[in-house]
Chemist: 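This is the structure, below, for whatever I ask next.
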Amino acid sequence: MQPELNTDFSQRVVDLAAHAIWHPSPQVGVTRRTLDRQGAEVARATSVVRYAAGTHFPRHVHGGGEEILVLDGVFSDEFGDYPAGTYLRNPPQTAHAPFSKLGCTIFVKLWQFQAGDQQSVQFNATESSAWQPADGIWTGLATQVLLLHTHAEIMTALCRLPAEYTTRPQRYAAGLEILVLAGELRDASGCYPVGTWLRLPAGSEQSWQTGTQSVQLYVKIGHLTAQFLPLSIID
């Protein structure tokens, strides 16, 4: 496992699912597509993780917290079952023993909690009626927004864009991160199908287009310039 990957936040990064390299994890049956990483096995990291059917991790503590979006299948732990579309936040020092009976794929961010952020979240976005018309900074990314979490300057949301749509240009003073969940996002540099991960540095100015299908995105804003809990030697 590379201890350092995409750690220069001043650079634009595009990672296409079609080009993904999957690495084995310490647990048999669990593989990881690393998107960014600072550290060895204990790391500040963003990854897509696949659980084969019947795989599990032993119970462990997340010293720096864990954020999860279930992309497909059903992710589980001793506290419940979380189908595709579920958003989870497990604050620093919480513990669990994750597994998947039938297999699943999850998007995971580790050690990316700010000091004082102790909010636990368990939210199934597919069942939510809380979508709102986009306003403010979100108008550069969406026509509808489902806010998942906010803390200080950091905001996390799901965003929707209709087919054949172009957003107005928007400057992102603190940068942004995107995972394409449905449809195909486009800009002047290329096309980004489902599974594409993009990270735009602070100060980026951007507009987006969609193709013949509507688009859904996971979006995080404000974290690229934020201070997070320091990495510990124990996780």
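Values below: all heavy atoms of this structure, side chains included; hydrogens, waters and symmetry mates excluded. All figures in this text were calculated on a predicted structure; none of them were measured in a lab.
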Chemist: For the atom pair CZ (F57) and CG (D77), what is the distance rounded to the nearest 0.5 Å?
Modeler: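 Nearest 0.5 Å value for the CZ-CG distance: 13.5 Å.
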
Chemist: Side chain to side chain contact (heavy atoms under 4.5 Å, CB included) for F228 and Q114? Distances and angles first, verdict last.
Modeler: CA-CA 5 Å; F228 295 116; Q114 291 178 293; 4.1 Å; yes

Chemist: Could you tell me whether the side chain of P162 reaches within less than 4.5 Å of the side chain of Q144, counting heavy atoms only?
Modeler: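 A side-chain contact under 4.5 Å is absent here.
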
Chemist: Which heavy atom in F113 sits nearest to a heavy atom in P92, and how many Å separate them?
Modeler: CD2-CD, 3.5 Å

Chemist: Answer yes or no: are there more than 12 heavy-atom neighbours, outside Q227 itself, under 6.0 Å from its atom CD?
Modeler: no

Chemist: Do C104 and V74 have side chains that approach each other closer than 4.5 Å (heavy atoms only, starting at C-beta)?
Modeler: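 Heavy-atom side-chain distance check fails, nothing below 4.5 Å.
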
Chemist: Compare all side-chain heavy atoms of R199 with those of R12 and state whether any distance is below 4.5 angstrom.
Modeler: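 R199 vs R12: side chains apart.
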
Chemist: About how many Å separate CZ of F9 and CG of D36, when rounded to the nearest 0.5 Å?
Modeler: 5.5 Å

Chemist: When clusters are formed by joining ILVMFWY residues with side-chain heavy atoms under 4.5 Å apart, either directly or through shared neighbours, do L88 and F123 land in the same one?
Modeler: no

Chemist: Show the nearest heavy-atom pair for residues Y51 and S100, with the distance to one decimal.
Modeler: CB-CB, 3.8 Å

Chemist: Is there a path of hydrophobic side-chain contacts, each under 4.5 Å between heavy atoms of I, L, V, M, F, W or Y residues, that connects V145 with L198?
Modeler: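 Yes, one cluster joins them.
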
Chemist: Which heavy-atom pair separates A174 from G222 by the least distance, and what is that distance?
Modeler: CB-CA, 3.9 Å

Chemist: Would you compute the distance between atom OG1 of T105 and atom CG of L69 and round it to the nearest 0.5 angstrom?
Modeler: 11.0 Å

Chemist: Between the side chain of R44 and the main-chain N/O of L229, is any donor-acceptor distance below 3.5 Å?
Modeler: yes

Chemist: Between the side chains of D15 and R33, is the shortest nitrogen-to-carboxylate-oxygen separation below 4.0 Å, so that they form an ion pair?
Modeler: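 Salt bridge present between R33 and D15.
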
Chemist: Which pair of heavy atoms, one from T210 and one from A163, lies closest together, and at what distance?
Modeler: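 T210 and A163 have their closest heavy atoms at OG1-C, 3.4 Å.
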
Chemist: Same cluster or not: are W208 and I137 linked, directly or through other Ile, Leu, Val, Met, Phe, Trp or Tyr residues, by side-chain heavy atoms under 4.5 angstrom apart?
Modeler: yes

Chemist: Kindly work out whether a path of hydrophobic side-chain contacts (I/L/V/M/F/W/Y, heavy atoms less than 4.5 Å apart) joins Y218 to V215.
Modeler: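 No: no chain of side-chain contacts under 4.5 Å links Y218 to V215.
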
Chemist: Give the intermediate values and the outcome of side chain to side chain contact (heavy atoms under 4.5 Å, CB included) for residues L141 and L176.
Modeler: CA-CA 10 Å; L141 288 159; L176 75 157; 3.6 Å; yes

Chemist: With side chain to side chain donor-acceptor pair (under 3.5 Å) as the criterion, how do R160 and S214 come out once you've worked through the C-alpha distance, each side chain's angles and the decisive distance to 0.1 Å?
Modeler: CA-CA 7 Å; R160 287 175 175 167; S214 61; over 6 Å; no

Chemist: Is I178 reachable from Y172 through a run of I, L, V, M, F, W or Y residues, each pair having side-chain heavy atoms under 4.5 Å apart?
Modeler: yes

Chemist: Applying side chain to side chain contact (heavy atoms under 4.5 Å, CB included) to R32 and V48, what does each step give before you reach the verdict?
Modeler: CA-CA 6 Å; R32 299 183 290 207; V48 179; over 6 Å; no

Chemist: Tell me, yes or no, whether the heavy-atom count around H96 atom NE2, taken from other residues, nucleotides or ligands under 6.0 Å, exceeds 12.
Modeler: yes

Chemist: Just checking, any donor-acceptor pair under 3.5 angstrom between side chains of Q112 and T46?
Modeler: yes

Chemist: Within the side chain of T139, is there an N or O that forms a donor-acceptor pair under 3.5 Å with the backbone of A134?
Modeler: no

Chemist: So which atom in T55 and which in G29 form the shortest heavy-atom distance, rounded to 0.1 Å?
Modeler: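 Smallest heavy-atom distance, with atoms named: CG2-CA, 3.4 Å.
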
Chemist: Is it the case that E177 and W197 place a side-chain donor and acceptor less than 3.5 Å from each other?
Modeler: yes

Chemist: Are Q119 and H151 close enough that a side-chain donor and a side-chain acceptor fall under 3.5 Å?
Modeler: no

Chemist: Report the C-alpha distance between W138 and M155 in whole Å, list the side-chain angles of each, state the deciding distance to 0.1 Å, and finish with yes or no for side chain to side chain contact (heavy atoms under 4.5 Å, CB included).
Modeler: CA-CA 10 Å; W138 300 110; M155 298 182 289; 3.9 Å; yes

Chemist: Any idea how F75 and Y82 line up, ring-wise: parallel (<30°), tilted (30 to 60°), or perpendicular (>60°)?
Modeler: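 Geometry flag for Y82 against F75: tilted rings.
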
Chemist: Could you check whether any side-chain heavy atom of P201 comes within less than 4.5 Å of a side-chain heavy atom of L224, counting everything from C-beta outward?
Modeler: no

Chemist: Does Q11 reach the main-chain N or O of N6 with its side chain, forming a donor-acceptor pair under 3.5 Å?
Modeler: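 No.
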
Chemist: So, taking the atom named CG in D72 and the one named CG in L102, what distance separates them when rounded to the nearest 0.5 Å?
Modeler: 11.5 Å

Chemist: Once you round to the nearest 0.5 Å, how far does CG of L148 lie from CZ of R89?
Modeler: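 If we round to the nearest 0.5 Å, L148:CG and R89:CZ are 9.5 Å apart.
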
Chemist: Heavy-atom count around L147 CG within 6.0 Å, excluding the residue itself: above 12?
Modeler: yes

Chemist: My understanding is that only one of L158, L146, T156, V70 makes a side chain to side chain contact (heavy atoms under 4.5 Å, CB included) with Y87; could you say which?
Modeler: T156

Chemist: Quick one: does S25's side chain have a donor or acceptor within less than 3.5 Å of a partner on V30's backbone?
Modeler: yes

Chemist: Answer yes or no: is there a donor N or O on one side and an acceptor on the other, between the side chain of S120 and the main chain of N90, under 3.5 Å?
Modeler: no

Chemist: Is it the case that over 12 heavy atoms from other parts of the model lie below 6.0 angstrom from the CD atom of Q213?
Modeler: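 Open: at most 12 neighbouring heavy atoms sit under 6.0 Å from CD of Q213.
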
Chemist: Strictly by modelled atom types, are H149 and E67 linked by a side-chain donor-acceptor pair under 3.5 Å?
Modeler: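 Short answer, no.
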
Chemist: Considering all heavy atoms of both residues, which atom of A45 and which atom of R37 are nearest to each other, and what is their separation?
Modeler: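 Here A45 and R37 meet closest at CB-NH1, 3.7 Å.
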
Chemist: State whether the side chain of H60 and the backbone N or O of P58 hold a donor-acceptor pair below 3.5 Å, judged by distance alone.
Modeler: yes

Chemist: Nearest 0.5 Å, what's the CG-CD distance between D187 and Q206?
Modeler: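 Interatomic distance, D187 CG to Q206 CD, rounded to 0.5 Å: 4.5 Å.
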
